[in-house]
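Have a look at the structure below, then the notes.
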Number of protein chains: 2
Amino acid sequence: MGRPKKALLDRTRIGRTALELVDETGDFTVPEVARRLGVQTASVYHHVEGRAGVIELLREQVVAGLDAGTLATGPWDVALEVWARSYRAAFAAHPRAIAMLMTSPVRAVRVIEHYERVVSLLGEAGFAPAAVMPIVTGLDNIVLGSALDMSAPEVMWIVGEESRAPRLAEAQAATGPDRADLAFDLTLAGFLAHCRELLASKGRAAEA
Amino acid sequence: MGRPKKALLDRTRIGRTALELVDETGDFTVPEVARRLGVQTASVYHHVEGRAGVIELLREQVVAGLDAGTLATGPWDVALEVWARSYRAAFAAHPRAIAMLMTSPVRAVRVIEHYERVVSLLGEAGFAPAAVMPIVTGLDNIVLGSALDMSAPEVMWIVGEESRAPRLAEAQAATGPDRADLAFDLTLAGFLAHCRELLASKGRAAEA
DNA sequence: ACCTGAACACCGTTCAAGT
DNA sequence: ACCTGAACACCGTTCAAGT
């Protein structure tokens with residue numbers, strides 16, 4: 001066939017198709033993506049740097065709807081909370097993609113922009129330079145940890161014979177469907193409160 | 001060859017070999033495990049339920065050194081903190097295994113036991129039944145989120161042109177090698193403080 | 001520049017056959 | 001019960017060949 005007049009493929013289309021597959025089946029395959037797009041497997045490799053490249057496109061698709069603008073409004077702690085929640089929501093919309101995004105480094109410009117703003121926010125709030133990345137990391141871990149939890153199987157702990165772990169089985173039975181949300185709320189609230197305290201005690205130390 | 005007098009394979013050996021491979025290369029393959037054990041690929045399938053079964057053996061190896069006994073000593077919050085730290089340390093010893101353990105449910109008896117104790121601890125501390133699993137989940141997310149962070153690439157955010165994200169680049173430069181530990185300490189401290197508050201306010205509500 | 005067709009080395013898994 | 005050898009359908013990736 002050779003080169004067509006109009007390109008059959010582009011990165012956005014590849015990313016969208018891969019995400020569709022992940023949402024539907026929990027995984028994707030380069031040949032599967034090609035099949036859906038009515039194209040040869042090898043063609044995909046002309047637009048993307050291997051399977052890892054497709055994963056990066058997946059990330060771009062997942063965060064496509066995110067608006068970094070929310071980080072510019074209100075006090076730093078409120079801005080961070082709103083941001084963390086929106087980030088978690090974006091991942092929650094594609095739970096089965098999460099695990100694939102966690103082990104490869106972020107190169108997506110759109111995502112870098114978000115973290116740039118978070119870092120600025122913390123600096124302006126008065127946190128010491130050396131404290132900034134630990135806080136960013138903590139927040140990141142909370143969001144991703146929770147997102148991963150939402151993507152996990154219905155019951156993460158399969159109690160074989162109930163007699164082996166009666167209390168765990170009991171606690172599971174007493175648990176509502178909002179377990180994951182409650183856990184996130186709890187963790188985020190504790191984290192932000194702790195950060196506020198850090199800032200306050202640092203302020204007192206500076207005054208002294 | 002047929003059946004040998006002494007079995008050539010057992011689950012422990014398979015798990016240990018798979019973990020070696022993951023530690024060294026970041027992944028494992030059933031044929032690779034078989035090769036290391038000087039055995040045919042198909043033989044492995046007589047001892048384990050597919051690749052997923054090997055992953056469960058991986059989990060057992062990772063948590064093999066963990067002692068649930070630490071959960072029985074001291075006040076609930078101290079016990080939980082010690083437990084969370086030891087759990088994180090166990091994962092940290094095998095960072096590249098972490099991602100594989102996060103998406104499959106836990107069946108390993110040894111791990112279930114730990115959670116059984118954590119649940120008991122929280123119940124005895126006075127938390128409401130419906131609050132127990134959210135707290136366990138939160139703690140679990142913090143440990144796993146942090147463990148995953150330790151297993152992530154050196155730099156999680158690759159800033160292309162530094163001019164695109166000057167503050168992020170700057171903050172990264174100001175960051176020490178203990179970034180991951182600091183983030184964990186921060187998050188865990190905040191979480192436990194928040195839980196203590198929950199318990200205290202619940203106590204006050206009960207008194208009223 | 002972009003797509004095809006064919007190739008390569010490799011996987012996970014199954015199964016009959018042997019002792 | 002446990003191991004082998006061979007098979008199956010499938011991957012990720014590369015590359016010469018075409019327009």
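These values consider heavy atoms only, across backbone and side chains, with no hydrogens, waters or symmetry-generated copies. The sequence lines fix the lettering, A, B, ..., with proteins before strands; numbering per chain opens at 1.
- A salt bridge links R167(B) and E124(A); the closest N-O separation between the charged side-chain nitrogens and carboxylate oxygens is under 4.0 Å.
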Below 3.5 Å, can you tabulate the donor-acceptor pairs from side chains in residues 65-73 of chain A to any protein atom, sequence neighbours excluded?
{"unit_1": "D67(A)", "atom_1": "OD1", "unit_2": "G69(A)", "atom_2": "N", "d": "2.9"}
{"unit_1": "T70(A)", "atom_1": "OG1", "unit_2": "D67(A)", "atom_2": "O", "d": "3.3"}
{"unit_1": "T73(A)", "atom_1": "OG1", "unit_2": "T70(A)", "atom_2": "O", "d": "3.2"}

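- Summarising the local packing, CD of E49(B) is surrounded by 12 or fewer heavy atoms from other residues, nucleotides or ligands at distances under 6.0 Å.
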DNA chain C in dot-bracket form (Watson-Crick or G-U pairs under 3.5 Å, [ ] crossing, | inter-strand) is ||.|||||...|||||.||
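- Closest-nucleotide positions on DNA chain D for H46(A) and A52(A) were compared, and the one nearer the 5' end corresponds to A52(A).
- Screening R88(A), R179(A), R85(A) for a salt bridge (Lys or Arg N to Asp or Glu O under 4.0 Å) with D185(A), the sole residue that qualifies is R85(A).
- The side chain to side chain contact (heavy atoms under 4.5 Å, CB included) check on H194(A) picks up L186(B), A189(B), with sequence neighbours excluded.
- Considering L9(B), V33(B), I14(B) as possible partners of V39(B), the one that fulfils the side chain to side chain contact (heavy atoms under 4.5 Å, CB included) test is L9(B).
- Within the 4.5 Å cutoff, no side-chain heavy atoms of N141(A) are placed close to those of T187(B).
- Where DNA chain D meets chain A (any atom under 4.0 Å from a heavy atom), the bounding nucleotides read 5' to 3' are dC11(D) to dT19(D).
- Geometrically, R51(A) engages F28(A) in a cation-pi contact defined by less than 6.0 Å to the ring centre and at most 45° from the axis.
- A salt bridge between R196(A) and D77(A) is present, with a side-chain N of the basic residue lying under 4.0 Å from a carboxylate O of the acidic one.
- Within residues 26-42 of chain B, the residues having any heavy atom under 4.0 Å from DNA chain D are, by residue number, V39(B), Q40(B), A42(B).
- Looking at R36(B) and E20(B), a side-chain N of the basic residue comes within less than 4.0 Å of a carboxylate O on the acidic one, giving a salt bridge.
- The residues E56(B) and R59(B) are annotated as salt-bridged, a charged nitrogen and a carboxylate oxygen being separated by less than 4.0 angstrom.
- Considering CD of Q61(B) and OG1 of T17(B), their distance stands at 8.5 Å, rounded to 0.5 Å.
- Annotation: proximity of residues 7-24 of chain A to DNA chain C (heavy atom, distance under 4.0 Å) is found for A7(A), L8(A), L9(A), numbered in ascending order.
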